[in-house]
Amino acid sequence: MSSNLTAAGFPTQALTGEMLELDEDDDLEVFSKDVTLTDGSSVSASLPTSPSSMTNQYRFEEESDARDIFVTVDNPESHVTALETFITYRVVTKTTRSDFDSCEYEVRRRYQDFLWLRDRLEETHPTLIVHPLPEKFVMKGMVERFNNDFIETRRKALHKFLCRIAEHSILSCNADFKIFLTAQAWELTSHKKQGPGLLSRMGDTVRAVAASVRGVKNRPEEFVAMQEYVDTFSQRMGSLDKVTQRIFKEMKEYLDDLKQYGPTYVLWSGSEEELVEPLKGVAGCIDKCCQATEEQLSQMSDNLVPLLHEYVLCSDTIKAVLRRRDNIQTEYEAKYDILVNKQADREALKGEVEKLEDKVECANSALKGDWERWQSKMRGDVKAGFVSTAQKNIDYHEKEETHTCTGRTCKLHTERHPV
């Protein structure tokens with residue numbers, strides 16, 4: 001194998017070591033100095049240390065192997081109505097938490113319910129990284145919508161989505177997550193109607209647009225580095241994702257050709273008595289090549305293809321989280337500018353500014369903790385996926401070499417026993 005390729009078969013330039021490392025900075029500075037107002041009072045941007053601080057509410061608990069909630073997504077069922085066709089999945093929850101009325105729950109949820117849960121988690125925790133859901137529509141060229149492969153691929157992705165939430169020390173305690181896991185269908189429908197109204201959502205959208213137009217003035221260097229990392233990570237993962245999907249498609253076409261190729265030799269052997277043994281030997285060799293190729297395709301379909309696409313979606317999720325963090329800081333900066341310039345009653349605004357300042361600190365602390373957690377998970381996933389793919393490639397080529405040797409033996413036999 002060329003020295004420019006990794007064991008997984010990808011160019012070394014595609015994912016360099018620096019992509020799996022980010023400078024660790026234990027300090028989190030929102031602004032470099034406390035800002036003094038014209039009347040001598042000040043608004044500090046340093047992280048508060050009091051127990052009641054919003055920042056302390058987002059300090060992550062130590063990771064523990066002793067989990068107290070486990071979720072499984074399985075048993076997909078198809079439903080056909082006069083208006084639509086959709087799939088529901090069984091969601092089974094087992095827990096020892098005291099705030100649950102029972103230790104086990106079983107409900108059925110459709111894809112729209114998972115979307116609702118993700119949206120609610122992002123609204124409640126705007127600067128935590130919520131694991132992405134699979135897209136509503138399938139990746140082009142991979143599988144057809146609602147066939148068994150598509151349903152199983154989506155089931156696995158939905159299962160991983162809920163497991164990642166269940167593993168999270170903050171998201172797993174979210175009230176909407178509990179409702180999702182425990183409520184019957186009609187109860188969940190009723191609960192959804194109690195969410196933010198249209199006007200409230202429109203107001204949030206308008207504020208987000210205004211913040212993005214205004215732009216953040218003093219983004220902390222840590223989040224500048226984070227943005228640069230995610231941009232590069234997204235580009236490289238996107239490239240790997242596209243190449244892998246193309247390889248997968250080409251291997252499927254190659255396998256289809258092999259399956260048509262082998263029987264030709266079997267049929268030929270029926271009309272050539274002197275070539276029966278070598279022709280059947282070639283057919284057997286092709287059959288073994290088919291089996292090896294099917295195993296490699298299965299590994300790619302179950303492991304590498306969804307892994308790469310998952311982290312393409314993850315990068316988009318983190319970009320959205322960074323935008324929301326910037327919007328929170330921009331809102332604070334706008335209020336602070338009004339306060340400093342005395343464009344309104346300073347005493348009335350001072351309380352708002354302090355709350356927004358605390359909100360910025362809380363957002364920064366939450367994102368910093370979740371970023372470190374996400375990087376650890378990502379590195380473990382990517383390493384495991386690439387190592388598994390590399391081992392499967394080694395196995396595949398070793399089998400291919402064995403089958404090639406068998407084919408050479410058949411050819412030698414034919415040359416020694418000409419018709």
Side-chain angles (χ1 to χ4, degrees), residues 71-93 101-102 104-126 130-166 171-172 174-206 208-209 241 245 248-249 252 301-302 305-306 309-310 312-314 316-317 320 324:
V71 185
T72 303
V73 178
D74 60 14
N75 192 23
E77 290 183 357
S78 178
H79 302 264
V80 180
T81 68
L83 298 177
E84 60 179 341
T85 299
F86 60 93
I87 307 295
T88 63
Y89 302 85
R90 181 174 66 174
V91 178
V92 178
T93 304
D101 295 332
S102 176
E104 186 169 345
Y105 295 87
E106 180 179 318
V107 296
R108 297 203 70 84
R109 297 288 181 254
R110 58 185 296 184
Y111 181 76
Q112 289 180 356
D113 300 326
F114 287 85
L115 280 177
W116 169 83
L117 174 61
R118 184 205 61 189
D119 291 345
R120 290 296 298 136
L121 291 174
E122 290 181 347
E123 289 171 11
T124 309
H125 309 283
V130 179
H131 194 76
L133 283 169
E135 294 112 325
K136 185 174 180 61
F137 299 105
V138 69
M139 292 176 284
K140 184 179 180 181
M142 295 299 293
V143 289
E144 295 297 327
R145 189 168 183 243
F146 291 153
N147 73 7
N148 291 335
D149 288 341
F150 169 77
I151 293 172
E152 178 60 13
T153 298
R154 173 169 282 186
R155 183 201 67 78
K156 289 179 179 178
L158 296 177
H159 173 78
K160 192 167 189 178
F161 169 75
L162 291 185
C163 286
R164 286 292 169 88
I165 296 173
L171 297 179
S172 65
N174 180 273
D176 291 303
F177 182 51
K178 180 181 177 182
I179 290 290
F180 178 90
L181 297 178
T182 62
Q184 294 303 310
W186 66 269
E187 294 175 306
L188 181 62
T189 301
S190 177
H191 183 74
K192 287 180 180 180
K193 295 178 181 178
Q194 299 173 13
L198 177 60
L199 292 179
S200 175
R201 293 196 300 272
M202 289 179 62
D204 292 340
T205 301
V206 169
V209 171
D241 180 43
Q245 289 189 42
F248 183 83
K249 182 180 179 182
K252 285 187 70 176
S301 177
D302 293 341
V305 171
H309 195 68
E310 171 189 340
V312 170
L313 298 179
C314 275
D316 292 337
T317 295
R324 291 196 291 267

So which heavy atom on [X] is nearest to which on [Y], and how close?
X    : Y    : value
E310 : P132 : O-CG, 3.9 Å
Y111 : L133 : OH-CB, 4.4 Å
F150 : N147 : N-OD1, 2.8 Å
N75  : R108 : O-NH2, 2.6 Å
A183 : L188 : CB-N, 4.0 Å
R155 : P76  : CD-CD, 4.3 Å

Working to the nearest 0.5 Å, report the span between [atom1] of [X] and [atom2] of [Y].
X    : Y    : atom1 : atom2 : answer
I179 : E187 : CD1   : CD    : 7.5 Å
L181 : L117 : CG    : CG    : 7.5 Å
S301 : E152 : OG    : CD    : 9.5 Å
K178 : Y105 : NZ    : OH    : 6.5 Å
R118 : L115 : CZ    : CG    : 5.5 Å

Given 3.5 Å as the limit, does a donor-acceptor pair link the side chain of [X] with the main chain of [Y], or not?
X    : Y    : result
R154 : E135 : yes
T189 : A185 : yes
D316 : L313 : no

task = Determine, stepwise, if the pair F177 / L162 fulfils side-chain contact (heavy atoms from CB on, under 4.5 Å).
result = CA-CA 9 Å; F177 182 51; L162 291 185; 4.1 Å; yes

Criterion side-chain contact (heavy atoms from CB on, under 4.5 Å) on R164 and K160, from CA distance to verdict = CA-CA 6 Å; R164 286 292 169 88; K160 192 167 189 178; 3.4 Å; yes

query = How are the rings of F86 and H79 set relative to one another: parallel (under 30°), tilted (30 to 60°) or perpendicular (over 60°)?
reply = parallel

message = Taking the cut-offs as 6.0 angstrom to the six-membered ring centre and 45 degrees off its axis, would you call R109 and F114 a cation-pi pair?
response = no

Got [X] and [Y] here, is their nearest side-chain heavy-atom distance under 4.5 Å?
X    : Y    : answer
Y89  : I151 : yes
D74  : H159 : no
T124 : R120 : yes

task = Please lay out, stage by stage, how L121 and D176 fare under the test side-chain contact (heavy atoms from CB on, under 4.5 Å).
result = CA-CA 8 Å; L121 291 174; D176 291 303; 5.6 Å; no

ask   = Going through the checks in order, is the side-chain contact (heavy atoms from CB on, under 4.5 Å) test met by V92 and E104?
value = CA-CA 7 Å; V92 178; E104 186 169 345; 4.1 Å; yes

key: Residues in ring-ring contact (aromatic ring centres under 6.0 Å, His included) contact with F161, at least two apart in sequence or another chain   = none

